[in-house]
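Residue numbers run from 1 in the order of the sequence given.
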Amino acid sequence: MPKRALITGITGQDGSYLAELLLAKGYEVHGVIRRSSTFNTSRIDHLYSDPHLNGVRLFLHYGDLADSVQMVKLLYQLQPDEVYNLGAQSHVRVSFDIPEYTGDVDGVGAVRILEAIREAGLVKKVRYYQASSSEMFGKVQQVPQTETTPFWPRSPYGCAKMYAYWLTVNYREGYALHASNGILFNHESPRRGETFVTRKITRAATRIKMGLQDSLFLGNLDAQRDWGYAKEYVEMMWLMLQQDAPDDYVVATNETHSVREFCQEAFACVGLDWERHVKYDARYERPSEVDLLIGNPAKAQRQLGWEPKVRFKELVKIMVEHDLELARHELQVSRLRPAA
């Protein structure tokens with residue numbers, strides 16, 4: 001019998017890469033998706049047709065982290081070996097606009113899954129992964145940040161993730177659940193949503209190169225982040241649940257770069273001067289900013305034998321090359337449209 005995994009947030013960047021990884025390892029993968037009037041499965045549609053990944057072992061179920069009853073039903077029905085809680089309202093800036101919803105899904109949503117595991121009688125069977133975030137460090141108290149750095153979140157998103165983090169620790173200590181937190185620093189890829197700053201930059205740089213737009217509007221260019229490659233980071237999620245004992249791990253590159261540097265690198269990849277096209281817009285500023293994030297993954301390297309391979313310049317290049325193809329296709333389509 002193959003191992004069975006349940007993933008919340010399977011249609012997101014991390015969920016799609018994790019599903020790929022688990023299918024390649026022979027898992028039966030189940031994903032939770034929210035009901036909507038349109039399908040939002042573009043990141044995982046290829047898994048059904050790829051013969052190497054055998055999409056016949058991929059199953060989707062309607063559910064929501066705001067619905068505890070459905071979570072209990074799913075866990076009773078599926079009896080998974082591993083649960084990966086990646087579902088979230090994941091946009092930090094948006095969390096200031098919808099703080100209550102962010103807290104309900106990102107924070108209380110973790111309670112609903114953890115309680116569902118208990119209610120389904122799976123505490124001794126299941127292994128649980130909680131997607132924690134470097135945003136919990138917020139106003140950083142130590143540079144670089146490690147697993148022992150105190151938290152000081154600076155957004156509703158960071159606060160909600162901190163709540164979910166400590167709940168995971170409490171269920172591990174209180175009920176002997178194999179529950180681990182992955183404190184992931186910023187991780188990007190061509191599958192990153194287009195409203196996130198990195199993808200916003202690479203999309204704009206390539207569209208400007210193709211003559212499809214003129215300018216890019218951004219907020220704080222001085223914010224510094226530790227950027228890694230999402231496809232690599234999901235391997236760490238899996239590794240955590242293969243350990244004999246659960247624990248919490250920082251997943252990072254131990255390098256930090258500013259948003260300004262990301263712009264410079266992305267526009268340089270397509271032969272453009274970023275300063276001619278990037279403009280400031282105060283609407284994209286956060287009410288309270290996280291100025292500097294840089295993680296030290298020494299514990300993960302020591303205990304799990306993991307370290308990142310893709311570094312900053314290569315990551316930007318991967319994203320730009322992907323988005324350049326999108327921009328070229330967009331230009332071709334626009335030329336085929338009949339004139340109005």
Compare all side-chain heavy atoms of Asp106 with those of Tyr157 and state whether any distance is below 4.5 angstrom. yes

Does the side chain of Gln70 reach to within under 4.5 Å of the side chain of Asp64, using non-hydrogen atoms? no

Contact between Arg127 and Asp81 at the side-chain level, heavy atoms closer than 4.5 Å - yes or no? no

Which distance, rounded to the nearest 0.5 Å, do you find between the CD1 of Ile113 and the CG of Leu65? 5.0 Å

Gln77-His61 side chain donor-acceptor pair, cut-off 3.5 Å: no

In terms of heavy-atom contacts, does NZ of Lys313 have more than 12 from other residues, nucleotides or ligands at under 6.0 Å? no

Within the distance-only criterion (no hydrogens, no angle test), does the side chain of Arg311 pair as donor or acceptor with the backbone N or O of Thr253 below 3.5 angstrom? yes

Determine whether a donor-acceptor pair (N or O, by modelled atom type, separation under 3.5 Å) exists between the side chain of Thr206 and the backbone of Val320. no

Might you work through the side chain to side chain contact (heavy atoms under 4.5 Å, CB included) test for Val259 and Asn220, ending with a clear yes or no? CA-CA 8 Å; Val259 175; Asn220 181 13; over 6 Å; no

Hey, does the side chain of Gln145 reach the backbone of Ile294 with a donor-acceptor pair shorter than 3.5 angstrom? yes

If the threshold is 4.0 Å, N to carboxylate O, is there a salt bridge linking Glu194 and Lys200? no

Are any of the side-chain heavy atoms of Ile10 and Ile33 separated by less than 4.5 Å? yes

Ile117-Leu167 co-clustered via ILVMFWY side chain contacts under 4.5 Å: yes

Whether the side chain of Ser133 engages the backbone of Met136 through a donor-acceptor N/O pair (distance < 3.5 Å, no angle test) should be reported. no

Ring-face cation contact, Tyr249 with Lys299, 6.0 Å cut, 45° max: yes

Kindly indicate whether the side chain of Pro144, heavy atoms from C-beta on, has any atom under 4.5 Å from the side chain of Asn254. yes

Which pair of non-hydrogen atoms, one from His187 and one from Gln13, has the smallest distance, and what is that distance? O-NE2, 3.1 Å

Would a hydrophobic clustering, with Ile, Leu, Val, Met, Phe, Trp and Tyr connected at side-chain separations under 4.5 Å, put Leu114 with Leu78? yes

Do Tyr175 and Asn170 come within less than 4.5 Å of each other through their side chains, counting heavy atoms only? no

By the definition salt bridge (charged side-chain N to carboxylate O under 4.0 Å, His left out), identify the one residue from Lys209, Arg203, Arg335 that meets it with Glu330. Arg203

Within the 3.5 Å criterion, strictly below it, is a donor on Trp306 or Tyr233 matched to an acceptor on the partner's side chain? no

Between NE2 on residue His277 and NZ on residue Lys279, distance to nearest 0.5 Å: 8.5 Å

Hey, are Thr256 and Asp226 close enough side-chain-wise for a donor-acceptor pair under 3.5 Å? no

Can you confirm whether more than 12 heavy atoms, excluding those of Gln242, are under 6.0 Å from its CD atom? yes

Is it true that Arg225 and Glu261 have a side-chain N and a carboxylate O under 4.0 angstrom from each other? no

For a side chain to side chain contact (heavy atoms under 4.5 Å, CB included) check, start with the C-alpha distance between Val140 and Thr149, then their side-chain angles and the critical distance, and finish with the verdict. CA-CA 8 Å; Val140 298; Thr149 302; 5.8 Å; no

Report the residue from Glu115, Arg118, His178 that forms a side-chain hydrogen bond (donor to acceptor under 3.5 Å, both in side chains) with Tyr171. Glu115

Could you work out the complete set of other residues in the hydrophobic cluster of Phe217, with links drawn between I, L, V, M, F, W and Y side chains under 4.5 Å apart? Tyr284

Contact between Ser132 and Lys161 at the side-chain level, heavy atoms closer than 4.5 Å - yes or no? no

So, are Lys73 and Asp67 salt-bridged, with charged N and O less than 4.0 Å apart? no

Set out, in order, the CA-CA distance, both residues' side-chain angles and the distance that settles side chain to side chain donor-acceptor pair (under 3.5 Å) for Tyr27 and Glu82, then state yes or no. CA-CA 10 Å; Tyr27 278 65; Glu82 298 171 2; 2.8 Å; yes

Mutual orientation of the aromatic rings belonging to Phe312 and Trp227 [parallel < 30°, tilted 30-60°, perpendicular > 60°]: parallel

Which heavy atom in Arg191 sits nearest to a heavy atom in Ser16, and how many Å separate them? NH1-OG, 3.0 Å

What's the separation between atom CG in Leu74 and atom OH in Tyr62, rounded to the nearest 0.5 Å? 13.0 Å

With side chain to side chain contact (heavy atoms under 4.5 Å, CB included) as the test, would you mind laying out the steps for Met210 and Arg328 before giving the verdict? CA-CA 7 Å; Met210 291 292 105; Arg328 285 175 178 145; 3.7 Å; yes

Where the side chain of Glu147 meets the backbone of Val250, is there a donor-acceptor pair that is under 3.5 Å apart? yes

Would you say Glu289's side chain and Asp291's backbone share a donor-acceptor pair under 3.5 angstrom? no

Heavy-atom closest pair, residues Leu22 and Val29: CB-CG2, 3.7 Å

Nearest-0.5 Å distance that lies between atom CH2 in Trp166 and atom CD in Glu173: 8.0 Å

From Leu184, Ile183, Leu239, residue fulfilling side-chain contact (heavy atoms from CB on, under 4.5 Å) relative to Val251: Leu184

Which distance, rounded to the nearest 0.5 Å, do you find between the CZ of Arg260 and the CD of Glu265? 15.0 Å

Residue of the set Asn85, Asp248, Asn181 for which side-chain hydrogen bond (donor to acceptor under 3.5 Å, both in side chains) holds with Gln130: Asn85

Between Gln89 and Val105, which heavy-atom pair has the shortest distance, and what is it? N-CG1, 4.1 Å

Determine yes or no for a side-chain-to-main-chain donor-acceptor pair under 3.5 angstrom, with Glu135 supplying the side chain and Ser155 the backbone. no

Phe96 versus Arg286, closest heavy-atom pair with distance: CE1-CB, 4.0 Å

Side-chain donor/acceptor of Arg4 to backbone N/O of Glu28, under 3.5 Å: no

Before we go on, tell me: are the rings of Tyr165 and Phe151 under 6.0 Å apart, centre to centre? yes

Working for side chain to side chain contact (heavy atoms under 4.5 Å, CB included), residues Glu119 and Tyr76: CA-CA 9 Å; Glu119 184 65 26; Tyr76 265 127; 4.2 Å; yes

Side-chain donor-acceptor pair present, Ser258, Gln224, cut-off under 3.5 Å: no

Distance under 6.0 Å and angle within 45° of the ring axis: does Arg192 meet both against Phe196? yes

Close side-chain approach of Leu221 to Trp274, heavy-atom, < 4.5 Å: yes

Is there a donor-acceptor contact under 3.5 Å linking the side chains of Ser180 and Asp247? no

If you compare all heavy atoms of Cys159 against all heavy atoms of Pro153, which two are closest, and at what distance to 0.1 Å? N-CB, 3.6 Å

Interatomic spacing from CE in Met319 to CZ in Phe262 - rounded to 0.5 Å: 4.5 Å

Hey, mind stepping through Thr202 and Asp323 against side chain to side chain donor-acceptor pair (under 3.5 Å) and telling me if it holds? CA-CA 7 Å; Thr202 58; Asp323 285 344; 2.7 Å; yes

